[in-house]
Engineer: 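Pasting a structure below so you can have a look.
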Amino acid sequence: MRTDIVILGVFVADTAYRAERQPRMGETIMGNSFVLGPGGKGSNQSVAAARAGGNVHFVTRLGMDDFAIMARKTWEEAGVTPVVTDDPDSYTGAAYIFIEEASGDNAIIISPGAAARISVADVEAQAALIGGAAVFVTQLEQPMDAAERALGIARQGGARTILNPAPAAQVPQSMLELCEFVTPNETEAEGIVGVTVKTLDDAAAAAARFRERGVSAPIITLGERGAYYDDGETAELVPAMSAGPVVETTGAGDAFNGGFSVALAEGMKPLEAVRFGCATAAISVTRPGTAPSMPARSEIEALLKSS
Ligand code: RIB
């Protein structure tokens, strides 16, 4: 049985500022705290999956600098196998993260640096790994043509494919058809299929639109409400779980995708895997940071048992 999870994506250093609000243009305001830590959606998902018990390979591109050292240390500690193209002509990227003190909600600017240069050739060089995986996952922080090629290789090789279409972007039809699962949040779903998602009925309508466009089983993530799953036969809301007070929601989507991919790779049914992903996300939001907030397998199992 295949067990490997291969994730294509971006590592960046997260620079996280907590403040009451964002500054207006031309204004300086005082923040409450600053933390520098590992981030990038693909890297966060890799860390989440590895900590949840997955055998994870992360395909990316790094500069040759201090942030690249941070990346490698993060993966080593989590047990992620790096598959890295070193790029001496660029830098390892960074993200500005504003965290609203009252809610823990966030707003992000990301500059992926070297990872913005991930190419179709980089992906084709890893065709055997990607095609031989149990589960392949990617997002939209690296170039779209590389993501689409990797999804094509994964699909052809018989891997299960997950596209986390974040940040929000237009996704071509040809790419959606390569996805067994997509995991957009409300904004990303609206950006791709044009349905504004506010209610559960809206989520159902958005999911139906994804299926019309060739996705086998869309999963619309709905924050504190949970995740709406629809494979054409089963359509239901998997309610969010609570693991304590919410400290920071940054990286919750990454936790969901990491947990979901591990459960799928272990052969759980998709709905059960969505529940596993929801538990992973529920714990991550009770802690600050993105990659550092990802829970261990034992914590996920304990929450699933008590929920
Ligand atoms: O999903 C959260 C991540 O988005 C952050 O770690 C930040 O780096 C951006 O990529």
Side-chain angles (χ1 to χ4, degrees), residues 7-18 22 34-51 58-63 66-68 70-71 73-75 77-78 80 91-100 103-118 137-144 146-147 162-169 182-189 191 219 221-223 227 246-261 277-278 280-295:
I7 301 183
L8 169 71
V10 164
F11 170 90
V12 292
D14 281 351
T15 64
Y17 302 79
R18 294 187 84 96
Q22 296 224 59
F34 168 77
V35 178
L36 173 68
K41 293 182 193 304
S43 178
N44 294 341
Q45 292 171 16
S46 298
V47 169
R51 287 185 57 75
F58 182 47
V59 180
T60 193
R61 193 178 260 260
L62 293 176
D66 287 351
F67 286 169
M70 183 200 285
K73 185 166 174 278
T74 301
W75 302 330
E77 284 170 6
V80 173
Y91 59 93
T92 307
Y96 154 85
I97 304 184
F98 159 72
I99 301 153
E100 188 178 58
S103 65
D105 287 343
N106 63 80
I108 301 177
I109 301 173
I110 174 171
S111 295
R117 290 152 54 96
I118 293 175
V137 188
T138 193
Q139 326 72 29
L140 300 176
E141 286 184 334
Q142 75 290 313
M144 185 99 66
I162 304 171
L163 171 65
N164 173 224
V182 291
T183 56
N185 66 16
E186 298 95 323
T187 318
E188 292 146 7
I219 301 159
T221 60
L222 300 168
V246 174
V247 170
E248 184 182 332
T249 60
T250 329
D254 299 331
F256 174 84
N257 280 280
F260 176 64
S261 62
C278 285
T280 312
I283 300 169
S284 79
V285 299
T286 65
R287 299 167 180 171
T290 55
S293 73
M294 301 307 172

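Atoms within a ligand are numbered from 1 in the order they appear, just like the ligands themselves.
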Engineer: Around atom 4 (O) of ligand 1, find the nearest protein heavy atom and jot down its residue, atom name and distance.
Structural biologist: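 Heavy-atom neighbour on the protein nearest atom 4 (O) of ligand 1: Lys41 NZ, 3.1 Å.
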Engineer: Tell me, please: is Gly253 in heavy-atom contact with ligand 1, that is, under 4.0 Å?
Structural biologist: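 The answer is no, since Gly253 has no heavy atom less than 4.0 Å from ligand 1.
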Engineer: Can Asp14 and Thr290 be said to form a side chain to side chain donor-acceptor pair (under 3.5 Å), step by step?
Structural biologist: CA-CA 8 Å; Asp14 281 351; Thr290 55; 2.9 Å; yes
Engineer: Quick one: does Pro288's side chain get under 4.5 Å of Val35's, heavy atoms only?
Structural biologist: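 No; the side chains remain at least 4.5 Å from each other.
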Engineer: Could you identify the single nearest non-hydrogen protein atom to atom 3 (C) of ligand 1 and state the distance to 0.1 Å?
Structural biologist: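 Answer, as residue, atom name and distance: Asn44 ND2, 3.7 Å.
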Engineer: Any side-chain heavy-atom pair from Phe11 and Thr92 closer than 4.5 angstrom?
Structural biologist: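 They are in side-chain contact.
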Engineer: Would you say Gly39 has any N or O atom under 3.5 Å from an N or O of ligand 1, going by distance alone?
Structural biologist: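 Among all N and O atoms of Gly39, none is under 3.5 Å from an N or O of ligand 1.
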Engineer: Given Thr74, which of Val47, Val80, Asn44 fulfils the side-chain contact (heavy atoms from CB on, under 4.5 Å) condition?
Structural biologist: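 The residue from Val47, Val80, Asn44 that satisfies side-chain contact (heavy atoms from CB on, under 4.5 Å) with Thr74 turns out to be Val47.
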Engineer: Would you check the N or O atoms of Thr250, main chain and side chain alike, for any that come under 3.5 Å of an N or O of ligand 1?
Structural biologist: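 N/O-N/O distance under 3.5 Å: no.
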Engineer: Hey, are Gln45 and Asn164 close enough side-chain-wise for a donor-acceptor pair under 3.5 Å?
Structural biologist: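 Looking only at side-chain atoms, Gln45 and Asn164 do form a donor-acceptor pair, the distance falling under 3.5 Å.
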Engineer: Taking only heavy atoms of Thr290, which atoms of ligand 1 are found under 4.0 Å from at least one of them?
Structural biologist: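 Here the atoms of ligand 1 in question are 6 (O).
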Engineer: Are Ser43 and Trp75 linked by a side-chain donor-acceptor pair shorter than 3.5 Å?
Structural biologist: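 On atom types as modelled, these side chains qualify, holding a pair under 3.5 Å.
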Engineer: Which bit of Ile108 is near ligand 1, meaning a heavy atom under 4.0 Å away: side chain, backbone, both or neither?
Structural biologist: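 The answer is the side chain of Ile108.
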Engineer: Run the numbers for me: atoms of ligand 1, each under 4.0 Å from some heavy atom of Ala95, listed by number.
Structural biologist: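 Result: 7 (C), 8 (O).
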Engineer: For ligand 1, which atoms have a heavy atom of Val12 less than 4.0 angstrom away?
Structural biologist: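 Here the atoms of ligand 1 in question are 8 (O).
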Engineer: Which atoms from ligand 1 have a heavy atom of Ile110 less than 4.0 Å away?
Structural biologist: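 Atoms satisfying the 4.0 Å criterion: 10 (O).
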Engineer: Can a donor-acceptor pair be found, under 3.5 Å and without considering hydrogens, that links the side chain of Thr183 to the backbone of Ile219?
Structural biologist: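 No, the answer is negative, given that no donor and acceptor are paired below the 3.5 Å cut-off.
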Engineer: Just which atoms of ligand 1 are under 4.0 Å from any heavy atom in Asp254?
Structural biologist: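 Ligand 1 atoms under the 4.0 Å threshold to Asp254: 1 (O), 2 (C), 3 (C).
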Engineer: Run the side-chain contact (heavy atoms from CB on, under 4.5 Å) check on Tyr91 and Ser111 step by step: do they pass?
Structural biologist: CA-CA 10 Å; Tyr91 59 93; Ser111 295; 4.1 Å; yes
Engineer: Please identify which atoms of ligand 1 are closer than 4.0 Å to at least one heavy atom of Glu141.
Structural biologist: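 It comes down to these atoms of ligand 1: 4 (O), 9 (C), 10 (O).
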Engineer: Any idea which protein heavy atom is nearest atom 7 (C) of ligand 1, and the distance to it?
Structural biologist: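 It is Asp14 OD1, 3.3 Å.
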Engineer: Distance check, rounded to the nearest 0.5 Å: Glu248 atom CD versus Ser103 atom OG?
Structural biologist: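 If we round to the nearest 0.5 Å, Glu248:CD and Ser103:OG are 10.5 Å apart.
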